[in-house]
Trainee: 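Would you mind keeping the following structure in view while I ask a few things?
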Amino acid sequence: MSNIRVIEVPKWGLSMEEGTLNAWLIEAGESFAAHQALCEIETSKIANVLEAPFAGVLRRRVAEPGQTIPVGGVLGVAADASVSEADIDAFLAGRTGSTAPSASATASEAVVSVPGSAPVTAPVTAPVAAAAGAAAKPAVVARGGWQIPAGLQGSTEVGAVFATPHAVRLAQHLNIDLGRVAGSGREGRIAVRDLEAAILAQGGRIETPATADTSRGPQPSRADDSQVPATSVARRLAASLGINLHDCRSTGSRGRVCKEDVLAAQGGVSGVAPVVEAVPESVFESLPMSGMRKAIATRLQASKRNAPHFRLNIDLDLENLLAVRAEINRTVPAVKLSVNDLLIKACALALVKVPDVNVQFDEASQTVRRFADADIAVAVALPGGLITPIIRAANRQSLAQISSQMLSLATRAKAGTLKPEEFQGGTFSISNLGMLGVRQFDAIVNPPQAAILAIGAGEQRVVALAGQPAVRMQMSVSLACDHRVIDGALGATFLKELKRLVESPALMLV
């Protein structure tokens, strides 16, 4: 078996945990050279082509398009022609400690991928592919009016999960492992509705309370109602409708039954229900979350939960900056600066001037990393989410270099061809929604960074200038900071320096 070699899911970047195989670019039995493109793998941020780390012959494609496999998981097997299929089966079984699918698998079996283990075989007629050791469990366990899927069964230690008391008691009663239930409450708290949703999502059934028999409403009163205080209009209306005033509420003046009380009793006591038009059920489409969307949700939820955010707002005067931009674009060939390019440069210089904002916070070691250069991450919107390509050492780059790099990074970000080192890391982030007409907004810090600048639209506003009203181009920005490492005065010092650079843009050119 020494001639058998494995093609694995690579680790593209520190945060990569799994990849989805989009397509194979070669067929089984085909020879390939070193650095030849073998397949396309999509991560939570990018889609990249996997190049062969060695030359060989692809004997078996273990993973198929659409499968999500952890880093280091087996994609395929390369081996010489002298290696038999049985040798490959034995090699895969020994690598994973489980029975690997053989090339002679019958048509009655299908390959099922279990995260963290080798593919195993299961009958195609089974509604759910179970992991090893779980096959003995019934697919569904009935408890009263509940039917609990096997995938949710298990005990939960009190205090081990963040859940409401009602959810904990119900889980204990139904023998449900709350660790397998996603919470929708604040900070991921699990409620009873989350248990019910998880049961239904896996094909189970929940107990519905018996509906009370309302076919027979309360019987009308037969007592004499002549002494019941009521308005003359209410008394005549009650007589015409055959309603006893004892069956009416008394909401009128001086505690009398009024016309509205009689009309309300018409539906409740006389048994004549008000006519309610049927409301058509809303039509909706269920869309699965992409890997990118899941990564964004996980990272930003952790940031919002763990990092105590505070925000500082300031208005910037853009008149001088726009004038310098127009002059450069008019006189320097092949350079077309955007306002965003100038703001990247201004932020980079302000971070170098106020280095305690140019930091990352390492939660594991509880240390602060302070950087000499400003690596500015710029949020770029994509159809399925967003990504933050990075301008490295932006404080050392010219405006023309920043503009050229930003155009290249944004183009490749939208094409999904960025390299991991081009969007992972960074010491500070910028999110600009001004081009969409947003005047001002708040952003969430992108960990391990400690601050992010939210940039609104530039617009003409009436401001005081030399004691007189004047129309000037203004922009509102909001700085969000992680209060664990950045205090209010420090954030204000950064904004003061940023304002100085933006309103005196010549300082960025020296």
Trainee: Have N313 and S478 got a donor and an acceptor in their side chains that come within less than 3.5 Å?
Mentor: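 Their side chains do contain a donor-acceptor pair, which is all the 3.5 Å distance test asks for.
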Trainee: Has the side chain of Q67 got a donor or acceptor atom that lies under 3.5 Å from a matching backbone atom of T20?
Mentor: no
Trainee: Partners of H483 by ring pair (Phe, Tyr, Trp, His ring centres under 6.0 Å), sequence neighbours excluded?
Mentor: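 In terms of ring pair (Phe, Tyr, Trp, His ring centres under 6.0 Å), with neighbours along the sequence ignored, H483 is linked to F310.
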Trainee: State whether R193 and E196 are salt-bridged, where the test is any N-O pair (Lys NZ or Arg NE/NH1/NH2 against Asp/Glu carboxylate O) under 4.0 Å.
Mentor: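 So R193 does not pair with E196 through a salt bridge.
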Trainee: Enumerate the residue pairs fulfilling salt bridge (charged side-chain N to carboxylate O under 4.0 Å, His left out) with a member in residues 320-335, sequence neighbours excluded, ordered by first and then second residue.
Mentor: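 Residue pairs passing salt bridge (charged side-chain N to carboxylate O under 4.0 Å, His left out), neighbours aside: E327-R330.
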Trainee: Do any N or O atoms from the side chain of Q153 and from the backbone of L174 form a donor-acceptor pair under 3.5 angstrom?
Mentor: no
Trainee: Pairs in or reaching into residues 435-458: which pass ring pair (Phe, Tyr, Trp, His ring centres under 6.0 Å), with residues at least two apart or in two chains?
Mentor: none
Trainee: For residues 487-510, which residue pairs qualify under ring pair (Phe, Tyr, Trp, His ring centres under 6.0 Å), counting only residues two or more places apart or in two chains?
Mentor: F428-F494
Trainee: Mind checking what makes side chain to side chain donor-acceptor pair (under 3.5 Å) contact with E8, not counting sequence neighbours?
Mentor: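 Scan of E8 (side chain to side chain donor-acceptor pair (under 3.5 Å), adjacent residues dropped) gives R95.
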Trainee: Please list, chain by chain and in numerical order, all residues satisfying side-chain contact (heavy atoms from CB on, under 4.5 Å) with P355, sequence neighbours excluded.
Mentor: R370
Trainee: With no hydrogens and no angle check, is any side-chain donor or acceptor of Q468 less than 3.5 Å from a backbone partner on L465?
Mentor: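 Not confirmed, Q468 side chain does not pair with L465 backbone.
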Trainee: Provide the full list of ring pair (Phe, Tyr, Trp, His ring centres under 6.0 Å) pairs with a residue in residues 327-384, sequence neighbours left out, each pair given once.
Mentor: none
Trainee: If you look only at pairs with a residue in residues 417-426, which of them pass as a salt bridge (charged side-chain N to carboxylate O under 4.0 Å, His left out), with sequence neighbours excluded?
Mentor: R412-E422
Trainee: Under 3.5 Å, which donor-acceptor pairs do the side chains of residues 501-508 form with other protein atoms, sequence neighbours left out?
Mentor:
{"unit_1": "E503", "atom_1": "OE2", "unit_2": "D317", "atom_2": "N", "d": "2.9"}
{"unit_1": "E503", "atom_1": "OE2", "unit_2": "K499", "atom_2": "NZ", "d": "2.7"}

Trainee: Name all residues meeting the side chain to side chain donor-acceptor pair (under 3.5 Å) criterion together with S338; count only those two or more places apart in sequence or in a different chain, and write none if there are none.
Mentor: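 Only D341 meet the side chain to side chain donor-acceptor pair (under 3.5 Å) criterion with S338.
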Trainee: Could you work out, with side chain to side chain donor-acceptor pair (under 3.5 Å) as the rule, every residue matching N432, not counting sequence neighbours?
Mentor: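 Counting only residues at least two positions away or on another chain, N432 forms a side chain to side chain donor-acceptor pair (under 3.5 Å) with N340.
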Trainee: Sequence neighbours left out, what passes side chain to side chain donor-acceptor pair (under 3.5 Å) with S303? Give chain and number order.
Mentor: none
